*Asks:* 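What follows is a structure written as structure tokens; I'll ask about it next.
Numbering of residues begins at 1 and proceeds along the displayed sequence. This structure is a prediction, so every number in the text was calculated from the model and none was measured. Excluded from the calculations below are hydrogen atoms, water molecules and symmetry mates; all remaining heavy atoms, backbone and side chain alike, are included.
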Amino acid sequence: MTRNVDSVQEKVLAEILSGNANTEYLQRFKLGGATDRDTFKSKVPVITYEEIQPDIQRIANGDRSPIFSSHPISEFLTSSGTSAGERKLMPTIQEELDRKQLLYSLLMPVMNLYVPGLDKGKGLYFLFIKAETKTPSGLLARPVLTSYYKSDHFKTRPYDPYNVYTSPNEAVLCVDSFQSMYSQMLCGLLMRKEVLRVGAVFASGLLRAIHFLELNWQQLAKDIASGILNPRVSDPSIRECMSRILKPNRELADFIIKECEGQNWEGIITRIWPNTKYLDVIVTGAMAQYIRTLDYYSGGLPKACTMYASSECYFGLNLKPMCKPSEVCYTIMPNMCYYEFIPHDSANHGTISRDSPPRLVDLADVEVGKEYELVITTYAGLCRYRVGDILQVTGFHNSAPQFKFIRRKNVVLSIDSDKTDEAELQNAVENAASILRPYDTSVVEYTSYADTKTIPGHYVIYCELHIKDPTNSPSKEVFNQCCLAMEESLNSVYRQCRVADNSIGPLEIRVVKDGTFEELMDYAISRGASINQYKAPRCVNFTPIVELIDSRVVSVHFSPDAPHWTPERQRLEV
């Protein structure tokens, strides 16, 4: 397949266009049954989610006519971040699960080339489902991995010695995050000598599991010593399956107490799971910020990033999974969808003029070293859809391009699965500023920082203020309310991470001295920035800059409560 990328892509587009020829969306552009690339590119526009949202809403509200796909829509996959701060709803079809399963089935054969013997033990993977809801039409709306874990592809998967997990399905499929994490960790401890790899989807998820062990090791050791499961785990299916696994083991309990009771948690992963060969986690993009912490807890174990996927489609896999995180690149599988690429550079930011749209580049024609924004056309009916990922071509496997994930377009802050852009951050700051106005206090300037030194990580907002009357300055309680107001302003993905998943900590405001942002500008200019074009950065991560701002902090404040979030808050109905 990777030897004949262009012909595979041509065939994929023809299959998609002929299969969906009678859909309302394609008929709008009068293709006349054409399935060739030239006609498709000349007649079908490049679009963003907002442009098809009204059509998606019709499906959500019960319209069963073939709008995007000739196949019935089976469910919606939720993805983070519309401009209104709510989750995107991605319509999908049943056969897409088969395509995803095909990509999953390639992961272990590739890994086996680099790490032999993985069929002789188990994987300790912390896998979780998230809250799902129903649209007015009755179709489910849920994250892509929740959909996969609840599918028969996962639940009734045939026995495969290369894919044996310590976590029972009952634990993975429990929607209560504490009960799920507790039972998965307990199983991992009970089978500690059988574990050959430790993983989670994102690096942040694995660190959350280690932090969970830090908080709960005493109770876990007590359960192992007594053979009696913690009563806080009340899910009947988990209790039933754990009754078959959990037996009194005083020796193991004493070992866990000995390893966990001290202050030194360096290398804790290899101390508790001594046969671990690698960590299976995504550490590219925003997750790269967790690499040093993972090294601390694992003693520098290799970190394998195995595949590249999104809610819209699964794309490719890493053919050298044991490479350094900085060298991770993904080989695009040309059969998953039809790919196009918008050339991206800092001058045009991938902007597309409706008057003179650029000719997008095909998969076989991308150039090494260049950055592109990914555009896809899928079997489920998305046409020329901008995913929002910026990729850089690093090379080729046969004729299939290999890409390094650079970043999400416009994302400023990210701790876990959250993605906060500049407009959203600005709106949050404005809402906090409105609380300060009665005290004649205004926000002069601000920036932000994703603090991952704490577990879970949290957002830090640095604010320089102008206080007209120091005798009427805002109290600590007022600043705390500003933190909460900002959190309430952020999208539902952020709020779910805060409330349901506990994967993000309370937002923090750090008030800095007058003149701090002028010092920041002086520093940037001293390093070559143009004084005419200088703008205060809306996010900082360069260590000297973070240290400079932190040295000017005069007070710190945290959100006193969790923001509001329930599954029903998702805007599924207009």
Side-chain angles (χ1 to χ4, degrees), residues 1-21 23 25-26 35 40 59 66 68-79 88-111 127 139-158 160 163 201 282 305-319 330-340 362-364 374-385 387 389 391 397-398 400-403 405:
M1 195 187 306
T2 60
R3 287 197 186 98
N4 303 293
V5 165
D6 205 44
S7 59
V8 172
Q9 280 282 278
E10 200 168 24
K11 178 171 171 279
V12 164
L13 181 62
E15 286 176 356
I16 292 170
L17 294 181
S18 59
N20 292 329
T23 60
Y25 187 78
L26 279 180
T35 60
F40 174 69
I59 301 169
F68 293 113
S69 173
S70 59
H71 294 278
I73 300 302
S74 55
E75 63 180 329
F76 289 101
L77 303 177
T78 56
S79 176
K88 296 176 185 174
L89 295 174
M90 290 296 165
T92 191
I93 56 177
Q94 194 63 39
E95 71 171 51
E96 279 294 280
L97 271 173
D98 299 332
R99 239 180 298 280
K100 290 169 184 171
Q101 186 58 37
L102 185 65
L103 204 57
Y104 279 125
S105 71
L106 292 171
L107 299 182
M108 287 312 291
V110 170
M111 185 61 76
L127 307 176
L139 288 173
L140 284 171
R142 55 193 182 181
V144 62
L145 289 174
T146 297
S147 169
Y148 176 69
Y149 298 148
K150 285 192 160 190
S151 73
D152 287 339
H153 281 292
F154 181 82
K155 289 195 295 185
T156 60
R157 60 195 183 277
D160 174 359
N163 271 312
V201 178
I282 293 171
C305 297
T306 56
M307 67 188 292
Y308 170 42
S310 76
S311 301
E312 295 88 352
C313 188
Y314 282 23
F315 303 124
L317 65 162
N318 182 2
L319 295 180
Y330 301 101
T331 301
I332 297 297
M333 292 292 111
N335 63 320
M336 300 304 288
C337 67
Y338 178 67
Y339 303 90
E340 296 175 88
D362 282 323
L363 182 62
L374 177 62
V375 175
I376 59 170
T377 297
T378 68
Y379 284 90
L382 289 177
C383 285
R384 308 197 85 189
Y385 176 84
V387 175
D389 289 359
L391 310 174
H397 177 78
N398 295 321
Q402 296 179 306
F403 291 92
F405 179 87

*Asks:* Grab the two heavy atoms, one from Pro109 and one from Ser105, that are nearest each other, plus how far apart they are.
*Replies:* CD-O, 3.2 Å
*Asks:* What residues form a ring-ring contact (aromatic ring centres under 6.0 Å, His included) with Tyr330, not counting sequence neighbours?
*Replies:* Tyr308
*Asks:* So, Thr92 side chain and Glu75 main chain: donor-acceptor pair closer than 3.5 Å or not?
*Replies:* no
*Asks:* Above 12 or not: heavy atoms from other molecules or residues under 6.0 Å from CD of Gln94?
*Replies:* no
*Asks:* When you compare the side chain of Tyr379 with that of Ile16, does any pair of heavy atoms fall below 4.5 Å?
*Replies:* yes
*Asks:* Any non-hydrogen side-chain atom of Thr78 less than 4.5 Å from a side-chain atom of Ser311?
*Replies:* no
*Asks:* Nearest 0.5 Å please: distance from the OG1 atom of Thr35 over to the CG atom of Leu17.
*Replies:* 6.5 Å
*Asks:* Rounded to the nearest 0.5 Å, what's the gap from CE on Met1 to CD1 on Ile332? Could you check?
*Replies:* 13.0 Å
*Asks:* What's the separation between atom OG in Ser69 and atom CD in Glu95, rounded to the nearest 0.5 Å?
*Replies:* 7.5 Å
*Asks:* To the nearest 0.5 Å, how far apart are NE2 in His397 and CG in Leu319?
*Replies:* 5.0 Å
*Asks:* If we only count heavy atoms from C-beta on, is the Asn335 to Leu102 side-chain gap below 4.5 Å?
*Replies:* yes
*Asks:* Which atom names give the shortest non-hydrogen contact between Val12 and Pro334, and what distance separates them?
*Replies:* CG2-O, 3.5 Å
*Asks:* Mind checking the CD-OG spacing from Glu96 to Ser147? Nearest 0.5 Å is all I need.
*Replies:* 10.5 Å
*Asks:* Write down the atom of Leu139, the atom of Ser74, and the distance for their closest heavy-atom approach.
*Replies:* CD2-O, 3.6 Å
*Asks:* Specify the closest pair of heavy atoms between Leu97 and Ser151, including all atoms of both residues, with the distance to one decimal.
*Replies:* CD1-CB, 3.9 Å
*Asks:* Look only at the side chain of Asn398 and the backbone of Thr2, and say whether a donor-acceptor pair between them is shorter than 3.5 Å.
*Replies:* no
*Asks:* Can a side-chain donor-acceptor contact be found between Tyr148 and Gln101 if the only test is distance below 3.5 angstrom?
*Replies:* yes
*Asks:* Any idea which heavy atoms bring Glu340 and Asp362 closest together, and the distance?
*Replies:* CG-OD1, 4.3 Å
*Asks:* Phe315 and Met336: side chain to side chain contact (heavy atoms under 4.5 Å, CB included), yes or no, with the steps?
*Replies:* CA-CA 6 Å; Phe315 303 124; Met336 300 304 288; 5.7 Å; no
*Asks:* Could you go step by step and tell me if Arg157 and Asn163 meet the side chain to side chain contact (heavy atoms under 4.5 Å, CB included) rule?
*Replies:* CA-CA 10 Å; Arg157 60 195 183 277; Asn163 271 312; 5.8 Å; no
*Asks:* With side chain to side chain contact (heavy atoms under 4.5 Å, CB included) as the test, would you mind laying out the steps for Leu382 and Thr377 before giving the verdict?
*Replies:* CA-CA 5 Å; Leu382 289 177; Thr377 297; over 6 Å; no
*Asks:* From Arg142 CZ over to Lys150 NZ, what is the distance, rounded to the nearest 0.5 angstrom?
*Replies:* 6.0 Å
*Asks:* Decide yes or no for Met111 and Leu107: does some side-chain heavy atom of the first lie under 4.5 Å from some side-chain heavy atom of the second?
*Replies:* no
*Asks:* So does Tyr339 get a backbone contact from the side chain of Gln9, meaning a donor-acceptor N/O pair under 3.5 Å?
*Replies:* yes
*Asks:* Which heavy atom of Leu145 sits nearest to which heavy atom of Tyr104, and what is that distance?
*Replies:* CD2-OH, 3.5 Å
*Asks:* Does some side-chain heavy atom of Tyr385 sit less than 4.5 Å from a side-chain heavy atom of Met90?
*Replies:* yes
*Asks:* I'd like to know if the side chain of Asn20 and the backbone of Ser70 have a donor-acceptor N/O pair within less than 3.5 Å.
*Replies:* yes
*Asks:* Would you check if Leu140 and Phe76 make a side-chain contact, meaning some heavy-atom pair closer than 4.5 Å?
*Replies:* no
*Asks:* Taking the inter-plane angle between the rings of Tyr338 and Phe40 on a 0 to 90° scale, is it parallel (under 30°), tilted (30 to 60°) or perpendicular (over 60°)?
*Replies:* perpendicular
